[in-house]
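By convention in this document, chain letters (A, B, ...) are assigned in the order of the sequence lines, proteins followed by strands, and residues within each chain are numbered from 1.
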Amino acid sequence: MRWSEAFIPTLREAPKDAVTVSHRLLLRGGFIKSLASGIHTYLPLGWRVLKKVMRIIREEMDRIGGQELHMPALTPAELWEETGRWEEYGDEMFRVKDRKKRDYALAPTHEEIITELARKEIRSYRDLPQIWYQIQMKFRDELRPRGGVLRARSFLMKDSYSLDRDWDGLARSYELHYEAYTRIFERCKLPAVVVEASAGIMGGSESHEFMVLSESGEDSLVICSCGYSANTEVGEADPVPVEFKDGELKKVHTPVEGTVEKITEFLGIPAYHLMKSLMYVHEGKPIFVVIRGDYDIDERKLVSIFPGIRPAHPEEIKEWTGAPAGYISPVGLNIPVYADLSLKGGKGLTSGANEEFYHLTGISLERDVKVKEWVDVRLVKTGDRCRRCGKEVEVRRAIELGHIFKLGTKYSEAMRATFLDRDGKEKPIVMGSYGIGVERIMATAIEVYHDENGIIWPISIAPYEVILLSLNPSNPEVRETAERIYRELGNVEILYDDRDEQPGVKFKDADLIGIPVRVVVGERGLKRGVVEVKKRKEKESVEVEPGKVKEVVMKMREELYGY
RNA sequence: CGGGGCGUAGCGCAGCCUGGUUAGCGCGCCUGCCUUGGGAGCAGGAGGUCGGUGGUUCAAAUCCACUCGCCCCGACCA
C-alpha cells in the first residue's frame with residue numbers, strides 16, 4: 001500500500017479525553033475513531049490488526065476442532081426469560097422493541113442462543129461432543145466504558161461453547177480451550193497468566209481468566225511465587241500476622257483529625273493496633289464493620305455478604321454514635337458488629353470513643369465488643385501471606401483477555417436441552433462457555449509494547465510487516481530505488497511512505513504506527529550505495545546495498561516471527 | 001449510581017471571573033514558492049449556530065436555570 005493513497009489519519013496530539021496509553025496511541029496512529037462513549041469505528045489500520053488477531057484465533061479454534069458459525073446479535077426476549085437473565089442482566093443489556101412491541105436484546109453473550117440451537121438439533125449422544133464458536137459484536141451497556149477500546153459498549157468477542165455428554169467430556173473441552181487460549185496469546189506475544197476467577201452472572205462451577213499484567217488493567221490479581229494466582233475477587237491470602245498487647249480500657253484525648261494516619265502518629269502506635277470502625281446501613285439498619293487499621297475493606301466482598309449495603313451518611317453516624325466518623329467505635333453501643341478476620345484475637349486496640357477528639361485504647365474485642373459475626377471483607381494487598389505456602393503475595397493490576405467457564409447444566413436444564421444417552425436415558429447437555437476480547441488483545445499489545453515514540457507491534461498482529469520510507473521522492477534516484485524495493489517486496493505486507501513530506505514527519509509517523517521492520521531510502525545513504533533496514537524495537541539500523549534489501553528484510557521478518 | 005473534571009475550527013488551547021464592534025492562537029488543511037535524514041520556512045487562503053434550550057440585559061462565548069454529551073476515580077465484566 002502506498003501511504004499517499006491510504007487513509008491513515010495520524011494525529012500529532014492525542015485528544016485530551018484519552019488517558020490510557022493504548023487509547024492515545026490508537027487514536028494518534030489513526031487506528032480507531034470514537035463515535036460515542038464506548039463505541040468505536042475501526043479505521044483501516046486498526047481493522048488490519050483486528051483481522052490478524054481474529055485469524056490467529058480462528059486458526060487455534062479450528063485446531064481444537066472448533067467449528068465457526070454465526071448467530072444473530074438481535075435476539076428475542078423469550079430466550080432470556082427462560083433462564084432468568086432478562087431480569088438478571090439489568091441495565092447492562094441493550095433492549096429494543098420491534099414494530100409489534102415485542103422485546104429483543106442486543107446480545108451481550110450467547111449462551112441462550114447456543115442452547116436454543118442445541119436443544120433443537122442435538123438428539124443423541126452420537127451428536128456430541130461439539131465446539132461451536134463465532135466472532136461477533138457484543139453489546140453491553142457498561143456502567144462505565146473506559147480506556148478506549150479496553151472496556152467498550154460494543155466490542156468484538158470470540159465466544160465458543162462446548163457441548164458434552166458428561167463432566168469428563170466438559171473437562172476435556174475445557175482443557176482444549178485452555179490450550180488454544182494459551183497458544184493464541186503466545187502467538188500475539190502477550191505474556192498471559194491464568195488465574196482462578198469468579199463466574200459471576202455466567203454461573204457454573206469453575207472458571208479461569210487469562211490475564212496480562214498492566215497498570216491500565218481494571219482487575220487486580222493476587223500472585224505468589226509458589227505459583228498461586230487468583231483474581232482478588234476470589235483470591236485468598238492471610239493478613240500479615242501481628243502481635244496484640246493487652247491493656248486496660250482507657251479514654252484518651254486526641255485533638256487531631258480522625259484519620260488512621262493522624263491518630264497513629266499522634267499516639268505513636270502502629271496502624272495495625274488501630275481498629276478501624278466503619279458504619280454501614282444494611283436493610284435499613286445501622287451496622288458496624290471493623291477491620292485492622294492497616295487494611296481497607298473490599299466493597300465487593302462486603303456487598304456479596306450484605307446485599308444492598310451502603311455506607312452511612314455523616315449525619316446518620318453523628319446521630320447513632322454522637323461523634324463524627326473519625327472518632328467512632330462499637331464499644332458501648334448497641335449496634336450489631338461484624339469484625340474482619342484480620343482482628344482475630346485483637347486486644348489492646350485503639351478506636352474512637354464516640355466523642356469528637358477522644359479515642360479509646362486497650363480495647364479487647366472479646367471483652368469490650370460483642371462481635372455478631374466474623375467476616376472476610378479485607379482488601380487483599382501486597383505483603384499478605386499466601387495461604388498455600390505462607391510467603392508474601394503481590395497484588396498487581398491486570399487486563400482480562402479471556403475467560404473460560406464450566407457451565408455444567410445450568411443452561412441446558414433451564415432450557416431443556418437434552419440428548420438421549422447410550423443407556424437410553426434423557427440427559428442434559430453439559431456445557432462450557434469461553435470468551436476472548438478481540439480489541440483487548442490489540443490494546444493490550446500496545447500497553448505492553450510501546451515506547452515514547454509510539455507503538456511497537458508484535459509482528460504477528462502488526463498492520464503491516466514492513467514500512468518503506470522514501471525520504472525525498474522528488475529525487476529521481478531515491479524514488480526509483482524505493483519503487484524498485486517496493487516491487488521486490490511485493491509478497492510481504494508493506495506500507496510504502498511515498499508522500500511528499502519532510503523526512504521528520506515520515507520517521508515520526510513510522511514510529512508512531514509501530515511497523516516492525518523499517519526500510520529507509522534516502523539521498524545520504526544512496527550516495528554511499530546503501531539503504532537502511534531496522535527493527536522498530538531496536539535502535540541501530542543496518543546498512544545494506546539496495547540489491548540485498550529483500551534478503552535482509554526477509555531474515556528480520558523471520559526473526560521477529562520467531563521461526 | 002456515588003465522587004471529580006471538561007464541552008470555543010479536524011487536534012491542542014486562550015478568551016469567561018470583571019458582559020460591549022469582524023471570537024483569537026499553535027498544529028493540521030488548501031494555493032504558490034522554497035526545502036528534504038527526526039514533526040522546516042515565506043506569502044496568501046478556507047474553516048466556528050462558542051454542546052443545546054430557556055432566562056436576565058440595550059447587549060451574552062462571558063451572568064442565571066435547566067438539559068445533553070464526554071473523560072477520570074470507585075462498585076460490574078471480554
Could you list the protein-to-nucleotides 32-36 of chain B atom pairs, N/O on both sides, closer than 3.5 Å?
from	atom 1	to	atom 2	distance (Å)
B/rU35	O2	A/Q502	OE1	2.8
B/rU36	O2'	A/N472	ND2	3.4
B/rU36	O4	A/S474	OG	3.4

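- Every ring pair (Phe, Tyr, Trp, His ring centres under 6.0 Å) that A/H282 has, sequence neighbours left out, goes to A/F306.
- Ranking B/rG74, B/rG38, B/rC77 by closeness to the A/R518 side chain, first place goes to B/rG38.
- OP1 and OP2 of B/rA78 both lie 4.0 Å or more from every side-chain N or O belonging to A/R151.
- Across all strands shown, B/rC16 forms no Watson-Crick or G-U wobble pair with both distances under 3.5 Å.
- Across all strands shown, the partner of B/rG44 is B/rC30, judged by Watson-Crick or G-U wobble contacts whose two distances both fall under 3.5 Å.
- A side chain to side chain donor-acceptor pair (under 3.5 Å) with A/Y496 is found for exactly one of A/E5, A/E483, A/R2, namely A/E483.
- Look at CG on A/L302: it is 16 Å from C1' on B/rC76, rounded to the nearest Å.
- With sequence neighbours excluded, the residues that form a side-chain contact (heavy atoms from CB on, under 4.5 Å) with A/E116 are A/L79, A/R119, A/K120, A/M415.
- Ring pair A/H177/A/Y434 is parallel by interplanar angle, where below 30° counts as parallel and above 60° as perpendicular.
- Evaluated for a salt bridge (charged side-chain N to carboxylate O under 4.0 Å, His left out) with A/R378, the options A/D296, A/D384, A/D294 yield exactly one hit, A/D384.
- Listed by chain and residue number, A/F210 satisfy the ring pair (Phe, Tyr, Trp, His ring centres under 6.0 Å) test with A/F185 (two or more places apart in sequence, or in another chain).
- Residue contacts for A/Q136: at a heavy-atom cut-off of 4.0 Å it reaches no nucleic acid atom on any strand shown.
- A/N231 places its CG atom 11 Å from the P atom of B/rA78, with the value rounded to the nearest Å.
- Using a 5.5 Å limit on the distance between ring centres and a 30° limit on the angle between planes, the aromatic ring of A/F507 does not count as stacked on the six-membered base ring of B/rG39.
- Between the C1' atom of B/rG39 and the NZ atom of A/K506 lies a distance of 13 Å, rounded to the nearest Å.
- Between A/K539 atom NZ and B/rG37 atom P there is a gap of 21 Å when expressed in whole angstrom units.
- In this structure, A/R144 places its CZ atom 12 Å from C1' of B/rG5, rounding to the nearest Å.
- Base pairing of B/rC1 is made with B/rG74, judged by Watson-Crick or G-U wobble geometry with both donor-acceptor distances under 3.5 Å.
- Residue A/L401 forms a side-chain contact (heavy atoms from CB on, under 4.5 Å) with just one option from A/I184, A/I436, A/L190, and that option is A/L190.
- Out of B/rA78, B/rC73, B/rG38, the shortest distance to the side chain of A/D511 is found at B/rG38.
- Listed candidates were B/rG39, B/rA78, B/rG37. Nearest to the side chain of A/D509 is B/rG39.
- A 3.5 Å limit on both hydrogen-bonding distances identifies B/rC6 as the Watson-Crick or G-U partner of B/rG69.
- For the atom pair CE (A/M211) and CG (A/L213), the distance works out to 9.5 Å, reported to the nearest 0.5 Å.
- Nucleotide B/rA59 forms no Watson-Crick or G-U wobble pair with any nucleotide shown, as no partner meets the under 3.5 Å limit on both distances.
- The nucleotide whose nearest atom lies closest to any side-chain atom of A/E218 is, among B/rC76, B/rA78, B/rC73, B/rC76.
- Partners of A/P516 by side-chain contact (heavy atoms from CB on, under 4.5 Å), not counting sequence neighbours, listed by chain and number: A/I459, A/A462, A/L560.
- The stretch residues 11-42 of chain A touches RNA chain B through A/R12, A/E13, A/A14, A/P15, A/K16, A/D17, A/V19, A/R28, A/A36, A/S37, each having a heavy atom within less than 4.0 Å of the strand.
- Taking the side chain of A/F405 as heavy atoms from C-beta on, and the options B/rG37, B/rA78, B/rC76, the nearest nucleotide is B/rA78.
- A/E142 comes within 4.0 angstrom of a base, heavy atoms only.
- By the 4.5 Å heavy-atom criterion applied to side chains, A/Y411 and A/R85 are counted as neighbours.
- Following rounding to the nearest Å, A/L512 (CG) and B/rC27 (P) show an atom-to-atom distance of 19 Å.
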